[in-house]
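By convention in this document, chain letters (A, B, ...) are assigned in the order of the sequence lines, proteins followed by strands, and residues within each chain are numbered from 1.
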Amino acid sequence: MSKKIVQIPLGSQHISLLEPVKFKFSCENEKIIDVDSDVGFVHRGIERACTTKFKYDKIAYVVARVCGLCAITHSLTYTMSAESLLEGEVSMKAKYLRVLMVELDRIHSHMLCLSHVSENAGYEALFMQIMGDREPIMNLQEKISGNRVQFDYIDIGGVNRDISLSVEDDIKVSLKELRGKIEDLINEFENNYTLSLRFKGIGALSLKEAQEFNALGPIARAAGLVTDVRSESNDLPYSEIGFKIVTSSGGDIYARNMVRLHEILNSITMCENIVSGIPEGEIKTKFKGKPNGEALFRLEAPRGELMYYVKGSSKPMLDRLRIKTPTFASIPAFVEIFKGQEYANAPAILASFDPCMSCTAK
Amino acid sequence: MKINKIEVTLQNVVEKITKFYDPTTTHFLTLNGVAIDETKTEIQWIFADYMKLNDNTVFYVVVDQEDVVPSIVEVIPSAIMSQREVVDMFGIEVQNSAKGLYLDEDSLQKPLSGGCTL
Amino acid sequence: MSSQFIKAFTNLFKKPQTTTYPQDAIERTENYRGLIEYTENECIYCLKCEKACPPGAILFVPCEDPVPNDKNKKSLKYEYNPWLCIYCTECIRACPKAELALTQSDKKPQIGVKGDRVNSEWTILEQLKKGV
Amino acid sequence: MFDLKKYRKKSPWILHYNAGSCNGCDIEILASLAPKYDLERFGVLNTGNPKQSDVFLVTGPVTFRSRERLVELYTQMPSPKVVIAVGSCTCSGGVFRDMYNVEDGIDNYIPVDVYVPGCASSPELIIDGVVKALEILEQKSKEIELPKKLFGTIKEEEGVLNLREMALSVAQKSEQINAQKSEQNEN
């Protein structure tokens, strides 16, 4: 067969793509040789609005709308960077409650990604099953914060709502049930041919490439790169609640699924530890002053490292707010993974990245 | 988190970053711009170490609107996206970086630069 | 393999996961964040909620209908747009008389159709507010 | 309010487009198709093809780059079609109102029939919105059938084809129908 280069577009509206993103694949016969991406469909201009429209104490609600899936991580990272420029101390209880919400959010985000991966493998039943198993977590989030997706739970000084005893019991019960289900899922993802053999060796990223292209989050950890911001900062009490870094090797879709599944198990352990040991204290403390100076904060979102840069000069409006989102930084790594793969695998590989375009474009 | 700020110039920034950057221990976070006044902009290259507590390194340089910022894609391939973003947001030229990552022709141009008012 | 069969068999006798929503109401959790409710008699017109609202879904629009009185000196009328509200409860935390003047109920907001005051009519209200 | 039997026969297919939302409403749409809320028991199917869809679910305040796609998708759908704006930012811009790259709600570009509030809209509200949209879809398809029916009855009664009289009577009848409708609306 002669070599012929074909351009195949994917997106911006496509059945297997939840996100408005356009990829243009240059394919040589069936093989992808180059990828061009257009990620600007969701650009709204949040960074500018945060410095011209909203005061510093409202920004936590605005940046939560950068991304619905990691909303809590966005508002938490912003809040913590703003708090480091103000005078005051967050109580230990508020810190524990913040971590609890972040980890619950990570569980449901990873489960959503896994359900997408199984849907793209042609396993519709498992998609439905994981989406069904995810509902108790959504329910817990609603019980704690009052809403299923956009929590608006974190504010400067602490958290907005206290947790009641009955909710703590609910969390224990639901997480215990979920643990059993995730263990079954691990078995399924390891042994089912549709999910394991189909995905082994596909969309692989080597450790060297991961370092060269600065891959982040589960993609990097699946390639064997030991990086997790949760152990790179001591502002949140991660070391006290049993956090472990989950890594794998191989860097293919199968390894990414495994990393996500084991991270869910680790998050469940952490949530259980938090619920059984929430310290006493206030949920909100007063912070004084206006943000002055520069602060840079990183936090591990479900998709990788999230960074906020805040600059203020003692005014209610900030001078600059910079958001670096995980998907945005990983796009060069995505492009590298696509090269050399079969076009037929493109949707499955894309789903395994768990891309978030609303994060990317802001 | 702690920030180590290192001042550089437009001429030696690529050299300094090449010397500093080791892909096995450090990763590049982002290229950031901060508008200082109507014409001056501070450009920052932000790095962080893997598995080290609170360690961020920031190289910074203050540039004018007409200056051309050198590209570091040769050293760090993943910088391409944030370079294109800075071109769009601040209207500052970066070597080998095209316009139009986010903004269309009829939307507000260089929205984050100091001279931009609605 | 056998465990899967056992699971499939036991699933036959389980309650279905699906809620029969439009027929039976969904049980609300205690903390559900629903519509913002306003009591005009209790309001002291400090306009704190209007300033606090991130999207600007609460407006006190000057009009002629309520005659100016002690509390409401500028004859303002409370307007609320449930299709703009993001239900963040920031207004209630800002309200000095929370639980009396401004409360968050557990009622779900109404579905809008054509003719409801959603977007273009709201823009007119915003212009009215800015014009003063 | 809910007459399920009426809808059981129909199977409206939905098309989903993200015009710049934060993904919150998108995952809630997915959740409402998943087992717990299961919109599929009304016959609702998520398709990626505008040419087979009846209901257009849009999330997000229209950003500059998604404007053309939104209008294009709307025009590609066959009528009768219903547009549902899911989420506060789709209805009126929400928290993104007045940002520089945002067009404050999709009804500046395409006609919207149902506005679903909430940030993010819970599956419960999305189901309410879809049920409401099905009512409107029913009504719209009846309206499309209307002129044909009127022509048919005239032909049977008179046996002669008089175009002018037919047109006049159609006008009268549609006036009557409009008057009835406005009465109903007032009630």
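The choice from D/C25, D/C22, D/G24, D/P123 that makes the most heavy-atom pairs within less than 4.5 Å of chain A is D/C22. Taking chain A as the reference chain and counting heavy-atom pairs below 4.5 Å, the highest number among D/F64, D/F96, D/Y17 is found for D/F96. Residue with the most contacts toward chain A among D/P61, D/C119, D/A31: D/C119 (heavy-atom pairs, distance under 4.5 Å). Across D/G60, D/S21, D/A19, the residue that shares the most heavy-atom pairs under 4.5 angstrom with chain A is D/S21. No other option in A/E142, A/H43, A/M138, A/M357 has as many heavy-atom pairs under 4.5 Å with chain D as A/H43.
Interface remark: A/D133 contributes no atoms to any contact with chain D (heavy atom separation under 4.5 Å). Only the backbone of D/L33 comes within contact range of chain A, with at least one heavy atom under 4.5 Å from a heavy atom of that chain. For a residue to count as touching a neighbouring chain, one of its non-hydrogen atoms must lie under 4.5 Å from one of that chain's; by this rule D/E124 does not touch chain A. There is no contact between A/I130 and chain D, counting heavy-atom distances below 4.5 Å. At a 4.5 Å heavy-atom cutoff, the contact between D/Y37 and chain A is made by side-chain atoms alone. Within the 4.5 angstrom heavy-atom criterion, no atom of A/D152 approaches chain D. If you measure heavy-atom distances from A/H74 to chain D, you find no contacts under 4.5 Å at all.
The closest side-chain heavy-atom distance from A/D319 to A/T51 is not below 4.5 Å.
Residues A/H110 and A/E263 share a closest heavy-atom pair of NE2-OE1, 2.8 Å.
Using a cut-off of 4.0 Å between Lys/Arg side-chain N and Asp/Glu carboxylate O, A/E47 and A/R320 are scored as salt-bridged. Salt-bridge annotation for A/D38 and D/R65: present, with a side-chain N of the basic residue lying under 4.0 Å from a carboxylate O of the acidic one. Ion pairing between a basic and an acidic side chain is recognised when a charged N comes within 4.0 Å of a carboxylate O; A/E135 and A/R148 show such pairing. A salt bridge between D/R69 and D/E72 is absent, with no side-chain N of the basic residue lying under 4.0 Å from a carboxylate O of the acidic one.
Residues of residues 63-73 of chain A that come closer than 4.5 Å to chain D, counting heavy atoms only, are A/R65, A/V66, A/C67, A/G68, A/L69, ordered by residue number.
No donor-acceptor pair under 3.5 Å is formed between the side chain of D/D113 and the backbone N or O of D/I84. Of the possible polar contacts, none joining the A/S174 side chain to the A/P136 backbone as a donor-acceptor pair under 3.5 Å is found.
Interatomic distance, OG of A/S352 versus CG of A/N345, reported as 10.0 Å (0.5 Å rounding).
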Exercise. Would D/N46 and D/H16 satisfy side-chain hydrogen bond (donor to acceptor under 3.5 Å, both in side chains), going step by step from the backbone distance to the final call?
Worked result: CA-CA 7 Å; D/N46 189 10; D/H16 168 215; 5.2 Å; no
For this session: Please test A/Y123 against A/Q129 for side-chain hydrogen bond (donor to acceptor under 3.5 Å, both in side chains), starting from the C-alpha separation and ending with a verdict.
Result: CA-CA 10 Å; A/Y123 204 157; A/Q129 194 193 321; over 6 Å; no
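Both tests hold for D/K81 against D/Y74: distance to the six-membered ring centre under 6.0 Å, angle to the ring axis within 45°.
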